[in-house]
Amino acid sequence: MERDICPDSVPFSSSLDKSKVLNVKPLRSLVPVFPSPHGFTTFSPPQVPPFVCTQPSGPFPPGFSPFNPFFVPPDSQQHPQTPTNQPGGFGFNHPTQTPSVPLPSFRTPPPPAARAQFAGAGNGDEGSSKKSSRNREAGINKGESVRSVTEEDACNDNRIWAAPYVSSFNMHITDAETTSNGEKQKSKSHKRVKCNQDTKLSLSAVGDIFMTFDARQRADGDRESVTHILTTFDALRRRLNQIEDAKEANPGVIRRSDLKAGAILMNKGIRTNMKRRIGFVPGVEVGDIFFFRFEMCLVGLHAPSMAGIDYMSIKFEQEEEPVALSIVSSGAYEDNVGDGDVLIYSGQGGNINRKDKQVVDQKLERGNLALERSLRRATEVRVIRGMNVGHSNSAVKVYVYDGLYQIQESWIEQGKSGFNVFKYKLVRVPGQPDAFKIWKSVQQWKEGSTTRVGVILPDLTSGAETVPVSLVNDIDDERGPAYFTYFPTLKYLKPVKSIISSFGCNCRGPCLPGDANCSCISRNGGNLPYIGTGIIVSQKSLVHECGPSCSCSANCRNRVSQTGLKVHLEVFKTKDKGWGLRSWDPIRAGAFICEYAGEVVDKIKGDEDRDQDEDDEYIFDAAHTYDSSFQWNYVSELLDEMPGDTNETDKTSLPLTISAKNVGNVARFMNHSCAPNVFWQPVLRANNNESDLHIAFYAIKHIPPMTELTYDYGIIQSETHSNNARHRRKICLCGSSKCRGGFG
DNA sequence: GCGAAATCAGTTTA
DNA sequence: CTAAACTGATTTCG
């Protein structure tokens, strides 16, 4: 029997011991792997079929024309976007669906002719709105001039069409700009200059770290650059936050590491999709999540740093009109109709949220006017839904990109203060992947108002963790993985003398970030390795946490990996990789997820019992190494900071081998990926100089709910493994364009 | 003590 | 150049 393929199906018993659950040979099945037909990174779930462009056949919704891949609207300075060249592009919710009407998101905006019925400029339309006329105040700002194309856009466009491959420059040229002393120059002219750089300017030291961006990439992003920019932003933000934390707290001083990091990246040109556009933004996928407005700004999803409506002027026939590009909904006015496909959005202005000025009626200007015109022109609007997530003590706002919507109607309503407010009803364009809907489902599962399909156990830890871990299979009939004992942390069979000092600190209360006397902080290079609630700043060879021999309190911020799970996880049956792990909650970059629990294996003894080891699919060996290209930390060059020990990434291999075969936690279900969203990190807890060493997992990037969590199993360094003929390399099923083909 | 409201500093874009 | 904007962290209020 092929033991590597066949999952051990254990008959499900309703009266099973709750401390044990069923199991499968999960993580590494030997199934043939086929090369991706696309050859690009697929960050979207692999079950999504490739887009197939069939012959269009009507009827079409009003305002839509059949898709013609060779037609470029004369006023649209965009490449004709054929679906297959979209990295990680959309798929359809229903795999069997054959699209007869192409996704509007793949197209450039339809030509004005196709929307003749919407193009009437007059006020006499008999729209579907039964409410008070939305045109009452039209014309107030009719003459408002909105630039049609930014200077930079024009410059980029010129590059694209005239000399597409000429310019290539490093994207973080610093030249005249300095960010030291908080001195910020808004040199708009400087940006223009950048477009004309033909020479490759690079700081070689940094150039190795950063990818090289050319003008086209800045104008039109792709998945890789978007990911890279977001990673760079958050790494910088975390570091700035860490620096601020260490300073003495001044009452009333508000620290905004997000603004600082954002401004630096803006100044250095580390951004993409600078060419504004209607609809699909290359490299940004429906369902992507953000924790700061600046993140959406940098990747071109939503340009304004504060305003909720992004808009630009578009030329329709002879007239130029502002149309909305994207909106950010705070959720305050969110409509509960349907499955979250409808959104009621309030217009801007009227100083609703400001007390220092008189509250007045909203006017049909700026964003409000743009939304009005988008309604008339039937252009699509990107919708980002902001939501307050998290528990009372740490409420965080998360932004979910929910894809494209169309405005169905608008009206004027009296707000609470008695003044007029514009309202817009937006309906989601069908055929896009679920995003906000997933959030709604999770919310309902938690409330208990709907039941999660396929739940086998509501909590496979039987209360061993402070949050439940669901066991779910909505794929097939398998009732669970093979028996193992759930245990939330490591089992050291005997105390091991630490080779690294780990005597505890003498702090009272929580350890304070700036405390030079805290020995634990000192061992971390002078900085607390975490910010906020359990966000790690940098990946390091070793993180020193406080431990049993410290006198600090249990709520010390240097005890992140020892305080248990924070998010609601779910062990689920994957399509082709056995069991896997994912989260109901969103996880932000750097957040602690779990540790690798299990029994610490004596390696020498392990060599003797080689036969046993070969059967163990649940070994974690700290001797594994990362892919050398893994670069997660902030780059000190962006901070005018000398590379220091706080940023060291030296990966000394540590003598720790864990087996989770018989005893373990959720980590044993995490699958491998060559393009992972989780990394591991050795953590040493202060414990009377014993080797209280653990392996902790943290998020590489923001992870939307219900996305599988994966880490890179790495390559084993040990010669005994590679020379062992019986050690078989597993074939990788991650489906990434960066897939190495195998692991182990 | 907790959730909500108020306050304040700060950045991009039109 | 300046005003405007559904920010985000922190303090105050009920």
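Only this structure's heavy atoms are used, side chains among them; waters, hydrogens and symmetry mates stay out. A, B, ... follow the sequence lines: proteins, then strands. Residue 1 opens every chain.
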Rounded distance (Å) that lies between atom P of C/dA5 and atom CG of A/Leu259 | 18 Å
With A/Tyr698 as reference, evaluate A/Ile535, A/Ile593, A/Ile587, A/Ile536 under the side chain to side chain contact (heavy atoms under 4.5 Å, CB included) test and give the passing residue.
-> A/Ile536
When the distance from CD1 of A/Ile327 to P of C/dT7 is rounded to whole Å, what number comes out?
-> 13 Å
Side chain of A/Met266 (C-beta onward), nearest among B/dT12, C/dC6, C/dA5 = B/dT12
Give the rounded distance in Å between these two atoms: CD of A/Glu295 and P of B/dT12.
-> 15 Å
Round to a whole Å and report the spacing from CG of A/Leu298 to P of B/dT11.
-> 13 Å
Whole angstrom value for the distance that separates C1' of C/dC6 from CE of A/Met387 | 14 Å
Separation of B/dA14 P from A/Tyr311 OH (nearest whole Å) = 7 Å
Would you say the side-chain atoms of A/Glu545 and A/Ser561 include a donor-acceptor pair closer than 3.5 Å?
-> yes
With no hydrogens and no angle check, do the side chains of A/Lys423 and A/Ser410 hold a donor and an acceptor under 3.5 Å apart?
-> no
Nucleotide by nucleotide, 5' to 3', does protein get under 4.0 Å of the base (B), only the sugar-phosphate (S), or neither (-) in nucleotides 8-14 of chain C, counting heavy atoms?
-> BBSS---
Salt-bridge criterion met for A/Asp245 and A/Arg255 (N-O under 4.0 Å) | yes
Is the closest side-chain donor-acceptor distance between A/Trp411 and A/Glu409 under 3.5 Å?
-> no
When the distance from CG of A/Asp310 to P of C/dC6 is rounded to whole Å, what number comes out?
-> 13 Å
Using Watson-Crick geometry (N1-N3 plus N6-O4 or O6-N4) or G-U wobble (N1-O2, O6-N3), each under 3.5 Å, C/dC6 is paired with none
Between atom CD1 in A/Ile309 and atom C1' in C/dT7, what is the gap in whole Å?
-> 16 Å
Determine whether more than 12 heavy atoms belonging to other residues, nucleotides or ligands lie under 6.0 Å from atom CD of A/Glu447.
-> yes
